[in-house]
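This report refers to the structure that appears directly beneath it.
Only heavy atoms go into these numbers, but all of them, side chains included; no hydrogens, no water, no symmetry mates. Residue numbers start at 1 and run along the sequence shown.
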Amino acid sequence: MLNNTKKSIITPKHTPIRMCVLCKNRFKQNILYRFRVENNELCADLKCGRSVYLCKACILKDNHKWQKALSRACKNTIKTSQQDLKERIFNGKG
């Protein structure tokens, strides 16, 4: 006799969701840019550990609250300017 109490439940694959530290909107993890603070500079991060995520719209938008919001999120003073970060990302300098 088959046990009818067990139902085969097909769950959709889990999609990690992360928050942009500037606009506070949530996105899928794979469309955000991940950064880590090393020596008060933002570096692209592909490793595990504490890091922050930024969406493309916030990187492209000129935001006067950039330094303060990132410093607060990273719990450290950030020396990287928004223009430097744009060049690194879109010119492939790392």
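Within a 6.0 Å radius of NZ in Lys86, more than 12 heavy atoms belonging to other residues, nucleotides or ligands are found. More than 12 heavy-atom neighbours from other residues, nucleotides or ligands sit within 6.0 angstrom of CG on Asn30.
With a 4.5 Å cut-off on side-chain heavy atoms, Leu85 and Tyr33 do not count as touching. Looking at Leu32 and Leu54, their side chains never come closer than 4.5 Å, going by heavy atoms from C-beta outward.
In this structure, CZ in Arg26 is found 9.0 Å from CD1 in Ile17, a value given to the nearest 0.5 Å. The structure places CZ of Arg18 at 15.5 Å from SG of Cys55, a figure rounded to the nearest 0.5 Å. Note that the SG atom of Cys20 and the CD1 atom of Ile59 stand 7.5 Å from one another [nearest 0.5 Å]. We find the NZ-CG distance between Lys68 and Leu22 to be 13.0 Å, quoted to the nearest 0.5 Å.
Leu60 and Tyr53 sit in two unconnected hydrophobic clusters of ILVMFWY residues. Membership requires side-chain heavy atoms under 4.5 Å apart, directly or through other members.
What you find for Arg34 and Ser51 is that their closest heavy atoms are NE-OG, 2.7 Å.
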